[in-house]
Peer 1: 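Structure in structure tokens, see below.
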Amino acid sequence: MNNILFIAPPAAGKGTFSELIKEKYGYVHISTGDLLREEVKSGTDLGKEISDIMSSGKLVSDDLIKRMLEKKLKTLDKNTPFIMDGYPRTLKQVKDYEEILEKLGLNIGKAIYLKIDKETGLKRVLGRLTCPKCKRGYNKLTGYNMPKVEWICDDCKIELESRVDDTEEAYNIRYDTYMKETKPIIEYFKSKNNLIEIDSTLDADSTMKEIEKWLV
Ligand code: AMP
């Protein structure tokens, strides 16, 4: 199975499809956002610093992410395919990523660009709820995966959380950062003949079917 790299604006579904692929095909899901949120939860000085940057919607430094990611990738079993969700986000990170992969003998796999417009993204962000334990996603505005009991995770039976950066203000900054820093990456992968473009405004089942075509 191919490794997968998701490139997308905020709330395009990187997390949702990563979890679905993980469940169905046994991929390892690596989300730099989740790694950072874990550091924040641990309450370290570094976590506090990261928390301020994340809630503002800005990007954490390339070097910090590089160190964090390399540590994580070193723990991977080389035979298990993985999904990279939220990295690389800048051209510098693309170079860092290629360097790390080469060092560890890993493959970049398929770069999948999940396309979504700004308005649809905003609606998803404002309704998004996540289980802090299993990371399953729900949405109270779009109706995607409504929980059986209001705002309680169906599986873990604990209260769902909204992300601190899922406000309209932070979303606007995240979207602008994406346009400025992450959009050039799309051109880079295109020039390498490794970019699959998928419409992510459709319902989740249709988008998932499109993604599944590229896993093998
Ligand atoms: P995400 O969960 O992918 O939406 O990421 C949430 C936030 O974590 C971003 O808005 C950034 O502040 C930070 N973050 C996640 N991945 C990266 C990255 N590759 N480079 C810099 N900051 C990141």
Side-chain angles (χ1 to χ4, degrees), residues 4-22 28-42 44 46-73 82-101 108 111-116 118 120-132 134-139 160-186 188-189 200:
I4 296 293
L5 185 167
F6 277 135
I7 311 169
K14 298 188 301 275
T16 301
F17 296 114
S18 297
E19 286 301 311
L20 290 173
I21 295 168
K22 175 180 161 183
V28 172
H29 174 201
I30 303 173
S31 152
T32 44
D34 283 349
L35 291 175
L36 291 166
R37 279 183 284 275
E38 272 160 32
E39 188 71 41
V40 170
K41 271 203 175 148
S42 69
T44 58
L46 179 64
K48 286 185 193 120
E49 213 180 294
I50 295 171
S51 170
D52 290 341
I53 303 171
M54 286 179 84
S55 27
S56 75
K58 295 192 185 127
L59 292 181
V60 171
S61 89
D62 290 339
D63 280 343
L64 192 148
I65 297 278
K66 185 183 179 191
R67 271 183 278 132
M68 200 176 243
L69 193 69
E70 188 167 351
K71 198 168 139 200
K72 179 74 188 177
L73 284 172
F82 64 91
I83 307 161
M84 189 53 69
D85 155 10
Y87 190 88
R89 260 174 155 100
T90 64
L91 284 172
K92 166 78 171 56
Q93 290 184 7
V94 172
K95 295 289 153 212
D96 288 344
Y97 192 34
E98 287 175 340
E99 193 188 303
I100 299 172
L101 291 176
I108 201 154
I112 298 184
Y113 170 27
L114 297 175
K115 292 204 284 190
I116 184 181
K118 194 172 177 184
T120 310
L122 177 64
K123 196 169 169 199
R124 288 188 185 170
V125 152
L126 296 180
R128 176 153 70 176
L129 291 167
T130 312
C131 172
C134 70
K135 308 276 186 277
R136 186 164 166 195
Y138 300 82
N139 201 298
L160 301 170
E161 289 180 346
S162 323
R163 281 169 44 168
V164 284
D165 56 350
D166 273 352
T167 61
E168 183 162 359
E169 198 189 354
Y171 172 76
N172 284 329
I173 297 170
R174 284 157 65 203
Y175 197 89
D176 292 346
T177 307
Y178 158 79
M179 289 304 278
K180 186 165 159 264
E181 307 277 2
T182 311
K183 218 64 207 291
I185 292 177
I186 290 165
Y188 175 81
F189 283 105
S200 197

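For ligands, and for the atoms within them, numbers begin at 1 and follow the listed sequence.
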Peer 1: Which atoms of ligand 1 have any heavy atom of Y87 under 4.0 Å away?
Peer 2: 19 (N)
Peer 1: Relative to ligand 1, is M68 under 4.0 angstrom through side chain, backbone, both or neither, heavy atoms considered?
Peer 2: neither
Peer 1: Not counting sequence neighbours, which residues clear side chain to side chain donor-acceptor pair (under 3.5 Å) with K115? List them please.
Peer 2: E197
Peer 1: Assess whether a salt bridge exists between D34 and K135, defined as any Lys/Arg side-chain N lying under 4.0 Å from an Asp/Glu carboxylate O.
Peer 2: no
Peer 1: What atoms of ligand 1 come closer than 4.0 angstrom to any heavy atom of M54?
Peer 2: 6 (C), 7 (C), 8 (O), 12 (O)
Peer 1: Under 4.0 Å, heavy-atom basis, I'd like to know which part of K58 is in contact with ligand 1: side chain, backbone, both or neither.
Peer 2: backbone
Peer 1: Going by the closest heavy atom to atom 1 (P) of ligand 1, which one wins out of K14, K66, R89?
Peer 2: R89
Peer 1: At a 4.0 Å threshold, what atoms of ligand 1 neighbour a non-hydrogen atom of R163?
Peer 2: 1 (P), 2 (O), 4 (O), 6 (C)
Peer 1: Give the atoms of ligand 1, by number and element, whose distance to some non-hydrogen atom of Q93 is under 4.0 Å.
Peer 2: 18 (C), 19 (N), 20 (N), 21 (C)
Peer 1: Between V60 and ligand 1, which residue portion shows a heavy-atom distance shorter than 4.0 Å: side chain, backbone, both, or neither?
Peer 2: both
Peer 1: Applying a 4.0 Å heavy-atom criterion (strictly less than), which segment of D165 is in contact with ligand 1: side chain, backbone, both, or neither?
Peer 2: side chain
Peer 1: Can you sort out which atoms of ligand 1 are near T32, meaning under 4.0 Å from one of its heavy atoms?
Peer 2: 15 (C), 16 (N), 17 (C), 19 (N)
Peer 1: Does L36 approach ligand 1 within less than 4.0 angstrom via side chain, backbone, both or neither, non-hydrogen atoms only?
Peer 2: side chain
Peer 1: So if I count the atoms of ligand 1 from 1 in the order they appear, which ones are less than 4.0 Å from some heavy atom of R37?
Peer 2: 2 (O), 6 (C)
Peer 1: Please list, one pair per line, the donor and acceptor atoms closer than 3.5 Å that link side chains of residues 89-98 to other protein atoms, with sequence neighbours excluded.
Peer 2:
unit_1: R89; atom_1: NH1; unit_2: G86; atom_2: O; d: 2.9
unit_1: T90; atom_1: OG1; unit_2: D62; atom_2: OD1; d: 3.4
unit_1: T90; atom_1: OG1; unit_2: Q93; atom_2: N; d: 3.0
unit_1: K92; atom_1: NZ; unit_2: D96; atom_2: OD1; d: 2.9
unit_1: K92; atom_1: NZ; unit_2: D96; atom_2: OD2; d: 3.1
unit_1: Q93; atom_1: OE1; unit_2: R89; atom_2: N; d: 2.7
unit_1: Q93; atom_1: NE2; unit_2: D62; atom_2: OD1; d: 2.9
unit_1: E98; atom_1: OE1; unit_2: Y188; atom_2: OH; d: 3.3
unit_1: E98; atom_1: OE2; unit_2: Y188; atom_2: OH; d: 2.6

